[in-house]
Amino acid sequence: MKIVVDGYWWPDGPLSNRIVLQEIVRQWRIDYPDDQLTLATPGTAPAQVPAGVEVVRTRLRLHPAINFLELPVIARRHGADAILAFNFAANSKSGVVFLHDVLFQSNPEWFTRIERVYFSAMPALLSQAHSVVATSRTEHDRIKRHNPRLRRVVNCGLAVPTSLTEA
């Protein structure tokens with residue numbers, strides 16, 4: 001399979017997002033060595049990308065715009081079978097979006113107005129994804145409760161990062 005992976009958080013950003021992304025790509029290369037992964041990242045090519053993972057630079061800089069508009073173009077250009085996006089879905093019926101949570105919907109008082117405006121693109125774009133992947137059964141239920149029209153929401157859970165298990 002050929003997969004385009006949203007690499008927005010690979011070079012920097014919140015550590016938790018970066019670790020999840022890097023662990024998914026690392027483990028994917030181990031479990032499915034014949035798959036071709038293309039990591040789409042803003043800016044220069046990031047360091048420490050696993051062998052066999054192609055890196056392409058995105059032209060847009062705003063995460064929702066990259067995922068919704070640019071990832072489908074990259075996927076077509078590379079003949080990808082699917083897109084794995086984070087938080088903001090790609091405009092593609094072959095897209096899967098990994099959504100950490102929708103706490104901004106269940107508890108808007110925890111977020112600033114600017115954060116809520118930014119996060120509002122998440123549920124607006126979710127309907128474009130083939131599937132939404134939640135990090136736990138609790139988040140699966142919260143996503144479904146606040147976005148009942150979604151076609152397919154599954155939960156996968158999170159594992160302990162490699163850096164911790166190797167320590």
Side-chain angles (χ1 to χ4, degrees), residues 1-10 12-28 31-32 35 37-42 58-161:
M1 273 184 93
K2 294 180 180 181
I3 313 292
V4 169
V5 179
D6 165 16
Y8 187 82
W9 299 115
W10 194 282
D12 58 36
L15 184 58
S16 59
N17 290 6
R18 204 170 358 155
I19 289 172
V20 168
L21 169 61
Q22 291 175 355
E23 289 291 321
I24 287 172
V25 170
R26 185 192 64 73
Q27 193 62 47
W28 195 303
D31 292 348
Y32 308 102
D35 284 359
L37 299 183
T38 301
L39 186 67
T41 64
T58 61
R59 294 178 183 190
L60 300 174
R61 293 292 169 254
L62 191 61
H63 198 194
I66 291 169
N67 287 15
F68 188 72
L69 300 171
E70 196 168 5
L71 291 185
V73 172
I74 293 169
R76 278 192 299 278
R77 190 178 318 133
H78 285 38
D81 301 299
I83 298 169
L84 174 60
F86 291 85
N87 296 335
F88 303 99
N91 186 18
S92 172
K93 295 303 176 194
S94 67
V96 173
V97 61
F98 188 93
L99 185 59
H100 289 275
D101 61 61
V102 290
L103 291 172
F104 61 92
Q105 287 181 309
S106 64
N107 299 88
E109 69 277 8
W110 295 349
F111 300 87
T112 67
R113 184 180 180 321
I114 292 172
E115 288 172 322
R116 290 192 312 268
V117 168
Y118 180 73
F119 293 149
S120 70
M122 286 182 202
L125 301 179
L126 287 177
S127 65
Q128 300 305 308
H130 177 271
S131 300
V132 176
V133 179
T135 59
S136 68
R137 184 65 192 185
T138 300
E139 288 311 317
H140 167 278
D141 295 346
R142 186 188 326 264
I143 291 166
K144 287 293 285 184
R145 188 169 55 253
H146 289 278
N147 304 277
R149 293 189 177 154
L150 291 178
R151 292 185 298 264
R152 186 166 190 260
V153 180
V154 297
N155 59 293
C156 70
L158 291 174
V160 175

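Predicted model, so just to flag it, every value in this text is computed and none were measured.
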Point to revise | Candidate pair R137 and D141, rule salt bridge (charged side-chain N to carboxylate O under 4.0 Å, His left out), full reasoning | key: CA-CA 6 Å; R137 184 65 192 185; D141 295 346; 3.4 Å; yes
Exercise for review: Give the intermediate values and the outcome of side-chain contact (heavy atoms from CB on, under 4.5 Å) for residues V25 and L37.
Suggested key: CA-CA 8 Å; V25 170; L37 299 183; 4.1 Å; yes
Exercise for review: Carefully, step by step, assess L99 and I143 under the rule side-chain contact (heavy atoms from CB on, under 4.5 Å).
Suggested key: CA-CA 9 Å; L99 185 59; I143 291 166; 3.7 Å; yes
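Considering all non-hydrogen atoms of both residues, P123 and N147 come closest at CB-OD1, 3.3 Å. Minimum interatomic distance between L60 and P42 (heavy atoms only, all atoms of both residues): O-CB, 4.5 Å. Smallest separation of non-hydrogen atoms from S106 and R142: OG-NH1, 3.1 Å. Here the shortest heavy-atom pairing between G7 and T41 reads O-CG2, 3.2 Å. Here the closest heavy-atom approach between residue V132 and residue L126 is recorded as CG2-CD2, 4.0 Å. The nearest pair of heavy atoms linking L21 to W10 is CD2-N, 3.4 Å.
Expressed to the nearest 0.5 Å, how far CG of N91 lies from CD of E70 amounts to 13.5 Å. The structure places CD1 of I74 at 9.0 Å from CZ of R59, a figure rounded to the nearest 0.5 Å. A distance of 11.5 Å separates CG of L103 from CD of E115, quoted to the nearest 0.5 Å. Residue H78 holds its NE2 atom at 11.5 Å from CD1 of I83, rounded to the nearest 0.5 Å. Taking OG from S136 and CG from D101, the interatomic distance works out to 9.0 Å, rounded to the nearest 0.5 Å. Separating the CG atom in D81 from the CD1 atom in I3 is a distance of 6.0 Å, to the nearest 0.5 Å.
Taking the side chain as every heavy atom from C-beta outward, Q22 and R18 approach each other to under 4.5 Å. Between K2 and T38 there is no side-chain heavy-atom pair separated by less than 4.5 Å. Side chains of F119 and I114 form no contact here, defined as non-hydrogen atoms less than 4.5 Å apart. In this structure, the side chains of P14 and N17 come closer than 4.5 Å at one or more pairs of heavy atoms.
Distance alone, capped at 3.5 Å, is enough to place a donor-acceptor pair between the D6 side chain and the Y8 backbone. In terms of modelled atom types and a separation under 3.5 Å, the side chain of H140 and the main chain of V153 share a donor-acceptor contact. Under the 3.5 Å distance criterion, the side-chain polar atoms of R151 are matched with a main-chain donor or acceptor of A129. Between the side chain of N67 and the backbone N or O of A89, no donor-acceptor pair lies under 3.5 Å. Side chain of R61 to backbone of T58: a donor-acceptor contact under 3.5 angstrom is found. Judged by distance alone, the side chain of D35 and the main-chain N or O of M1 form a donor-acceptor pair under 3.5 Å. Side chain of Q128 to main chain of K93: no donor-acceptor pair is present (N/O by atom type, distance under 3.5 Å, no hydrogens or angles). A donor-acceptor pair under 3.5 Å is formed between the side chain of R116 and the backbone N or O of F111.
Contacts classified as ring pair (Phe, Tyr, Trp, His ring centres under 6.0 Å) and involving residues 80-99 (residues at least two apart or in different chains) are given here: H63-F88, F86-F98, F88-Y118, F98-H100.
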